[in-house]
Every structure is written in structure tokens, then in C-alpha cells.
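Input: a single structure, listed below in C-alpha cells.
Proteins come first, then strands; the chains are lettered A, B, ... in the order of their sequence lines, and each starts at number 1. Since the structure is predicted, the reported quantities are computational estimates derived from the model, not experimental observations.
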Number of protein chains: 2
Amino acid sequence: MIHEEELYDLAELFKVFGDSTRIRILYTLMDNEMCVNDIAVSLNMTQSAISHQLRILKQNKLVKASRDGKSILYSLADDHVRTIIDQGREHLEE
Amino acid sequence: MIHEEELYDLAELFKVFGDSTRIRILYTLMDNEMCVNDIAVSLNMTQSAISHQLRILKQNKLVKASRDGKSILYSLADDHVRTIIDQGREHLEE
DNA sequence: TTAACAAATGAACATATATTCATATGAATA
DNA sequence: TATTCATATGAATATATGTTCATTTGTTAA
């Protein structure tokens, strides 16, 4: 049984996955952790745009950050990210 | 390996789940199939708003429709809907 | 065949949100 | 400690999208 409030939280969570920039960031981080600027270069977007989206991903506990010298390395927070993406892919494959 | 285009499709799919009205509709349909008006009453929304959202859900193959007398019954298209929602819930539970 | 009714549609509006641009922040290292 | 550099932030703008309202569509049942 799901409560009304939980459904809103669920929608919020999926909304985070429902943006191409964010999901490309998540995909980029699937292989290895990366710093903000490298992600920006990799996705051919500005540092600012990536930083804004990383904040949302971090708020929703989909990525985590750790400092490495001057840079901050981002990586996937846990395996749910992969699982949720995989389920989505399975749905699309039909 | 995921292609760029597939990532856009994934974002589109999750965008569908990322709206509270749509996810409430999906949740409502988890128990049993329902007609448009009953969904509207159940969620305390207009028939039009529900119909608009059902169209998006149908386009993305998350629900399917079948006629029953004057009404049209909607139901979940397949088990991926449940699985994706369940994965989202698991993430939230932490 | 036609009246009635449920659902679908389209335009308009309001709101949410992604990106840009300029700038601030803050930790590292010289 | 001062400077440098990567990242974060805030305001502004443009765009996307959800709901409403009025109306149309299309099927059922009389």
C-alpha cells in the first residue's frame, strides 16, 4: 500500500531521471567517477549547466561527491540508479 | 553500451513517470482496470485532465485501453510499470 | 436512425524548469 | 598568506508542460 505522499515523492524521483542532461550525466558516471569540468566537456555543455544539474542529482542522492585535489569527483550514489535505468531500458526494448 | 539516442528515449520514459498525476493514475490502475471518469472521480480531477494524461501514458505504452459498453477501461500495459515503480520506492526507502 | 453519453481534442493560460551569463565561494598549493 | 582554479550560485530568459474550458468525436443503446 502506497500513501498519497509517497506517490508525490516517487514522481519527484522519476522527474530527476526524466531529463536528458541528467540521465546523460548518470550514464557518464556509470563507468567511472569524474569531475564537473570533465563531465561538461564530455557532454559538450557548460560547466554551469552541469553543476546546476549535479546539484539536483546530489539532492536526490543519485550521485555523491568527493574532493580530489582541486577537483570534485562525482560518482553514482548506489546501485538503484543502475537498476532503475536498466528497467527503463527493458521497457523500451519491447 | 547505450547509444546517445537511447538516453533521450530513456529520459522521455522517465519523464512520463515524473508527474504526480500520471503516477497516481498508474497507481490507481494497479489494483484493477478503470474507466476515465472513475479515475477522474477517484483522483478528484477533471475528466479532461485525466484524458490528456492517459493519452501520454498510452503513447508510451504504459497503459492500454479496451472498450466496455459506453466506457473505455484503462489498465496497466505490462509488468514493467510495477517494476519501475517498485525500484523507485526502494530508492526512497533508504 | 438518432439521441445520449463517455472520451478525446485544441487553444489558451499558468506554472515549472533548464540553460546562460556573470559572479561568488572556497579549498589547494605556491 | 595570497593567489589560483574548480565549482557553486543567483538572476534572467526561454522553453516545456499541466490544467482548464469549450467543443468535437464516436460508439452505444433506445
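In this structure, B:Leu10 and A:Tyr27 have side chains that are not in contact, with every pair of non-hydrogen atoms separated by 4.5 Å or more. At least one side-chain heavy atom of A:Leu7 sits less than 4.5 Å from a side-chain heavy atom of A:Glu4. Residues B:Leu62 and B:Asp78 have side chains not in contact (no heavy-atom distance under 4.5 Å, counting atoms from C-beta outward). In this structure the side chain of A:Lys58 never reaches within 4.5 angstrom of the side chain of A:Leu54, judged on heavy atoms.
Looking at B:Gln47, its side chain has no donor and acceptor atom pair within 3.5 Å of the base of C:dA6. At a cut-off of 3.5 angstrom, the base of D:dT20 holds at least one donor-acceptor pair with the side chain of B:His52. Applying the 3.5 Å distance criterion, the base of C:dT19 shares no donor-acceptor pair with the side chain of A:Ser48. Donor-acceptor pairing under 3.5 Å, judged by distance alone, is absent between the side chain of A:Ser71 and the base of D:dT7.
Residue pairs meeting the ring pair (Phe, Tyr, Trp, His ring centres under 6.0 Å) criterion with at least one partner in residues 53-84 of chain A, sequence neighbours excluded, are A:His80-B:His91.
When the P atom of D:dC21 is taken as reference, atom CE of B:Met45 falls 12 Å away, rounded to whole Å. A:Ile50 has its CD1 atom 16 Å from the P atom of D:dA6, to the nearest Å. Remark: P of D:dA6 and CG of A:Asp68 are 13 Å apart, rounded to the nearest angstrom. For the pair B:Asn44 CG and D:dT19 C1', the interatomic distance rounds to 14 Å; values are reported in whole Å. One atom, CD1 of B:Ile56, and another, P of C:dA7, lie 18 Å apart when rounded to the nearest Å. B:Ile72 has its CD1 atom 13 Å from the C1' atom of C:dT9, to the nearest Å. Distance, A:Leu54 CG to C:dA18 C1': 14 Å, rounded to whole Å. Whole-Å rounding puts the B:Lys64 NZ to C:dA7 P distance at 18 Å.
Considering only side-chain atoms of A:Lys70, the nucleotide from D:dT20, D:dA8, C:dA28 that sits closest is C:dA28. Listed nucleotides: D:dT19, C:dT9, D:dA8. Nearest to the side chain of B:Ala49: D:dT19.
OP1 or OP2 of C:dT20 lies within a sub-4.0 Å distance of a side-chain N or O belonging to A:Thr46. Here B:Tyr74 does not reach the OP1 or OP2 of C:dA6: none of its side-chain N or O atoms lies under 4.0 Å away. For D:dT19, one of the phosphate oxygens OP1 or OP2 lies less than 4.0 angstrom from a side-chain nitrogen or oxygen of B:Gln53.
Taking CD of B:Glu90 as the reference point, atom CG of B:Asp86 lies at 7.5 Å (rounded to 0.5 Å).
Nucleic acid contact for B:Ser51: base, since at least one base atom lies under 4.0 Å from a heavy atom of the residue.
When both pairing distances are held under 3.5 Å, C:dA24 makes a Watson-Crick or G-U pair with D:dT7.
Applying the salt bridge (charged side-chain N to carboxylate O under 4.0 Å, His left out) rule to A:Arg22 yields no partners; only residues at least two apart in sequence or on another chain are considered.
Contacts between residues 12-43 of chain B and DNA chain C, defined by a heavy-atom separation under 4.0 Å, are made by B:Cys35, B:Val36, B:Asn37.
Between the side chain of A:Ser51 and the backbone N or O of A:Gln47 there is no donor-acceptor pair closer than 3.5 Å.
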